[in-house]
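These notes are about the structure you will find just below.
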Amino acid sequence: MKAMIFAAGRGERMRPLTDTIPKPLLKVRGRPLIVWHIVNLVRAGITEIVINHAHLGQMIEDALGDGSKFGVTISYSPETVALETAGGIANARHLLGEQPFVAIAGDIYCPHFDFEQVKNTLEDNDLWGQPYPLDKRDVAWLFLVKNPAHHPQGDFALHSFSLSNEAASPDTPRHTFSGIGVYRPEMFDSVSPGQPEKLVTLLREYAARGQLGGDVYRGEWTDVGTIERLNQLNAPFAPP
């Protein structure tokens, strides 16, 4: 399985820090955000990584190189203008191949995520070994987290490992998309390379069709979307 790490965002809410450094290279507890992901991918034996970039992208290539110092092979998918998440995947399709891949937001911190669990999420056959009809099988599997304070309404409702846009009842909890998901490449056939498009648009469509699976990740996770959250993560480790 290959992995893609999203690293093309401008990081407007992190300015002025991101005026001079790409957000995925910001350090949390002594290590760049993107390196936390690489280390965890290596631990699970996932060593072919695609990274897209736009804003200050050369700094990312200079910092990570070909990946050999981490024990991985890194391919880069540069974007003249950031293409959003789905657009970034469509632009990198030639690097990702034709098998399901895991994609990870470059600005989240989840130091203990076990990427072994992403390898067998999208099944082609049912419990009896019969192939699922193409219009019935899951095209993506999302890892959800408990709703953070800045996103209390969540993104998806979870029903027996199937995600829906709306909760079945007021008692059905909604959860927040963690930024880690597994995708079938054909999910992006409708996205033209070079055209910006957000991933959430496709996810909503497939959730409505009943073709979006998922589970809840309960480990440490932070969306490092603001300087305040970055400082909170680093505060316990700052020198006195």
Side-chain angles (χ1 to χ4, degrees), residues 3-42 47-92 95-96 102-113 145 148-151 176-181 193-200 220-240:
M4 180 169 181
I5 303 176
F6 298 120
R10 175 64 178 80
E12 291 289 347
R13 291 178 299 167
M14 300 292 284
R15 299 182 69 180
L17 296 181
T18 52
D19 287 340
T20 56
I21 185 171
K23 185 161 55 171
L25 290 185
L26 292 173
K27 289 186 177 182
V28 172
R29 301 177 180 179
R31 176 183 286 170
L33 281 165
I34 199 167
V35 174
W36 281 105
H37 294 329
I38 293 172
V39 169
N40 284 342
L41 287 166
V42 170
T47 58
E48 293 184 72
I49 301 174
V50 176
I51 299 174
N52 70 330
H53 63 68
H55 173 64
L56 302 177
Q58 189 59 50
M59 291 183 67
I60 295 175
E61 294 199 26
D62 291 344
L64 304 179
D66 63 3
S68 57
K69 62 184 175 182
F70 303 104
V72 301
T73 300
I74 297 177
S75 300
Y76 295 98
S77 180
E79 301 170 9
T80 304
V81 177
L83 299 174
E84 301 287 357
T85 40
I89 289 173
N91 200 57
L95 299 172
L96 291 167
V102 59
I104 312 146
D107 58 355
I108 59 171
Y109 174 69
C110 48
H112 308 299
F113 189 88
V145 293
H150 63 272
H151 192 58
T176 293
F177 176 35
S178 69
I180 302 173
Q195 295 298 314
E197 184 160 341
K198 294 183 178 181
L199 180 59
V200 67
E220 184 177 2
W221 175 91
T222 302
D223 170 8
V224 191
T226 65
I227 293 177
E228 179 184 16
R229 286 178 224 152
L230 179 67
N231 290 339
Q232 286 173 346
L233 284 171
N234 285 327
F237 299 87

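Only heavy atoms go into these numbers, but all of them, side chains included; no hydrogens, no water, no symmetry mates. Positions are given from 1, in the same order as the sequence printed here.
To the nearest 0.5 angstrom, Met4 atom CE is 9.0 Å from Thr85 atom OG1. Note that NZ of Lys23 is 12.5 Å distant from CD1 of Ile21, once rounded to the nearest 0.5 Å. Atoms OG1 and CG, from Thr222 and Leu233 in turn, are 4.5 Å apart once rounded to the nearest 0.5 Å. Rounded to the nearest 0.5 angstrom, Asp107 CG and Thr226 OG1 are separated by 11.0 Å. Atom CD1 of Ile49 is separated from atom CD1 of Ile38 by 5.0 Å, given to the nearest 0.5 angstrom.
Every pair passing ring pair (Phe, Tyr, Trp, His ring centres under 6.0 Å) that includes a residue from residues 48-84 is listed here, sequence neighbours excluded: His53-Tyr76.
Tyr109 and Arg229 share no donor-acceptor pair across their side chains, judged by distance under 3.5 Å alone.
Among Leu41, Asn52, Ile60, the single residue meeting the side chain to side chain contact (heavy atoms under 4.5 Å, CB included) criterion with Ile5 is Leu41.
Residues meeting the salt bridge (charged side-chain N to carboxylate O under 4.0 Å, His left out) test with Asp19, sequence neighbours left out: Arg10, Arg15. With sequence neighbours excluded, the residues forming a side-chain hydrogen bond (donor to acceptor under 3.5 Å, both in side chains) with Ser68 are Asp66, listed by chain and number. Applying the side-chain hydrogen bond (donor to acceptor under 3.5 Å, both in side chains) test to Asn231 and every residue at least two apart in sequence or in another chain returns nothing. Residues passing the side chain to side chain contact (heavy atoms under 4.5 Å, CB included) test with Pro148 are His150, His151, Thr176, Trp221, sequence neighbours excluded. Partners of Leu95 by side chain to side chain contact (heavy atoms under 4.5 Å, CB included), not counting sequence neighbours, listed by chain and number: Val50, Ser75, Ser77. Residues satisfying the salt bridge (charged side-chain N to carboxylate O under 4.0 Å, His left out) criterion with Glu228, sequence neighbours excluded, are absent altogether. The side-chain hydrogen bond (donor to acceptor under 3.5 Å, both in side chains) search around Gln232 returns none, not counting sequence neighbours. In this structure, the side chain to side chain contact (heavy atoms under 4.5 Å, CB included) partners of Ile180, at least two apart in sequence or on a different chain, are Val102, Ile104, Ile108, Cys110, Phe113, Phe115, Phe143, Ser178. By the ring-ring contact (aromatic ring centres under 6.0 Å, His included) test, His37 is found to be paired with no residue, residues two or more places apart in sequence or in another chain being considered. Val81 meets the side chain to side chain contact (heavy atoms under 4.5 Å, CB included) test with no other residue; sequence neighbours excluded. Applying the ring-ring contact (aromatic ring centres under 6.0 Å, His included) rule to Phe177 yields no partners; only residues at least two apart in sequence or on another chain are considered.
Between the side chain of Glu61 and the backbone N or O of Gly65 there is no donor-acceptor pair closer than 3.5 Å.
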